[in-house]
Chemist: 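Okay, handing you the structure first.
Both backbone and side-chain heavy atoms feed into the values below; hydrogens, waters and symmetry mates do not. For the single chain, residues carry numbers from 1 onward in sequence order.
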Amino acid sequence: MSGLIRLNSSALLVRNLIQHSARNARLISSSQKNRDAATVDLSKKAAAKPAEPAAAAAATNKNWVSYGFDYKTEKEDQNSMHSTFLFTVTFCLVLGTFYWAYLPDPQLQDWAQREAYLELRRREAAGLEPISKDFVDPSQIVLPSDEELGKTAIII
């Protein structure tokens, strides 16, 4: 645990050194003439070199608001956001819905309905009732007697 605290404090120390050197290394010319060139001391430029990527990133990302995928680089944040939405919207929603819509009928409901229409047509053509009252042979049905039923309500 103490190693983590030391590592965190050393990271803060390095970050503060970089920010402090970036504040002191202002390479802006204050001359009024356009033909005057600003001179840069190489020792200052070498000292400011570690802070340049951070300063350049801060200048280019001034109004950048993260999408929540990466808080350090705008490009990585955008790439992560675009790939996430590609997978979720295109693959899951669009292709998943297409797959679900064209799945075969797992419970064979369409087949059963087609068979029922074919059977009705066959029975009507043969002059039979659509559904026979003796669908099951009455001799095979065992019903309880009136004494066994007692006062049980019979619902038809």
Side-chain angles (χ1 to χ4, degrees), residues 1-126 128-133 135-136 141 152-156:
M1 186 67 178
S2 63
L4 290 174
I5 293 171
R6 271 189 252 129
L7 181 64
N8 189 23
S9 65
S10 65
L12 289 173
L13 179 66
V14 171
R15 188 182 72 198
N16 288 339
L17 285 174
I18 290 172
Q19 287 177 351
H20 183 66
S21 64
R23 275 187 252 140
N24 290 338
R26 297 183 185 178
L27 306 173
I28 300 173
S29 173
S30 60
S31 68
Q32 296 294 327
K33 299 178 184 174
N34 290 338
R35 291 186 296 165
D36 287 346
T39 58
V40 178
D41 187 10
L42 293 178
S43 63
K44 285 186 181 179
K45 189 171 183 179
K49 199 168 194 172
E52 280 184 18
T60 59
N61 301 333
K62 182 178 179 184
N63 294 325
W64 170 53
V65 177
S66 174
Y67 290 108
F69 295 96
D70 189 6
Y71 294 105
K72 294 183 179 154
T73 58
E74 182 178 9
K75 189 69 176 167
E76 283 296 319
D77 189 44
Q78 287 179 349
N79 287 343
S80 299
M81 184 266 304
H82 287 301
S83 62
T84 300
F85 282 108
L86 172 80
F87 288 124
T88 55
V89 174
T90 303
F91 294 147
C92 295
L93 293 178
V94 175
L95 297 177
T97 303
F98 182 80
Y99 176 74
W100 177 73
Y102 288 99
L103 272 176
D105 188 15
Q107 296 176 345
L108 300 175
Q109 291 174 349
D110 295 336
W111 174 83
Q113 187 174 13
R114 254 191 331 269
E115 287 294 318
Y117 283 128
L118 290 173
E119 181 66 18
L120 281 174
R121 220 177 274 143
R122 184 191 66 79
R123 291 181 73 84
E124 286 174 357
L128 300 172
E129 297 176 2
I131 298 174
S132 174
K133 66 177 183 172
F135 184 72
V136 178
I141 299 174
T152 306
I154 300 174
I155 301 172
I156 299 177

Chemist: Are side-chain heavy atoms of Leu93 and Thr88 found at a separation under 4.5 Å?
Modeler: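 The answer is no, as the side chains (C-beta and beyond) never meet within the 4.5 Å cut-off.
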Chemist: If you look at every heavy atom in Val65 and Asp77, which pair is closest and at what distance?
Modeler: O-OD2, 4.4 Å
Chemist: What do you reckon, is CZ of Phe69 surrounded by more than 12 foreign heavy atoms closer than 6.0 Å?
Modeler: yes
Chemist: Just how far is it from atom CG of Asp70 to atom CD of Gln78, taken to the nearest 0.5 Å?
Modeler: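 Here the interatomic distance stands at 11.0 Å.
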Chemist: Keeping the roles fixed (side chain from Ser83, backbone from Ser80), state whether a donor-acceptor pair exists under 3.5 Å.
Modeler: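 Such a contact is found between Ser83 side chain and Ser80 backbone.
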Chemist: Between the main-chain N or O of Leu128 and the side-chain N or O of Arg123, is there a donor-acceptor pair closer than 3.5 Å?
Modeler: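 No, Arg123 side chain to Leu128 backbone: no donor-acceptor pair under 3.5 Å.
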Chemist: Can you establish whether the number of heavy atoms outside Tyr99 located under 6.0 Å from its atom OH is more than 12?
Modeler: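 No.
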Chemist: Kindly compute the distance separating CD (Glu124) from CD (Glu119), expressed to the nearest 0.5 Å.
Modeler: 10.5 Å
Chemist: What's the separation between atom CZ in Phe98 and atom CG in Leu103, rounded to the nearest 0.5 Å?
Modeler: 10.5 Å
Chemist: Ignoring hydrogens, what is the shortest heavy-atom contact between Asp110 and Asp105? Give both atom names and the distance.
Modeler: N-OD2, 2.7 Å
Chemist: Apply side chain to side chain contact (heavy atoms under 4.5 Å, CB included) to the pair Leu118 and Arg121, showing each step before the final yes or no.
Modeler: CA-CA 5 Å; Leu118 290 173; Arg121 220 177 274 143; 4.1 Å; yes
Chemist: Check whether Ser66 reaches the backbone of Gly68 with its side chain - one donor and one acceptor, N or O, closer than 3.5 Å.
Modeler: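 Checked: pair present.
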Chemist: Dump the intermediate steps for side chain to side chain contact (heavy atoms under 4.5 Å, CB included) on Tyr67 and Thr84, then the final yes or no.
Modeler: CA-CA 11 Å; Tyr67 290 108; Thr84 300; over 6 Å; no
Chemist: Rounded to the nearest 0.5 Å, what separation is found between the CG atom of Asn79 and the CD atom of Glu74?
Modeler: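 The distance works out to 10.5 Å.
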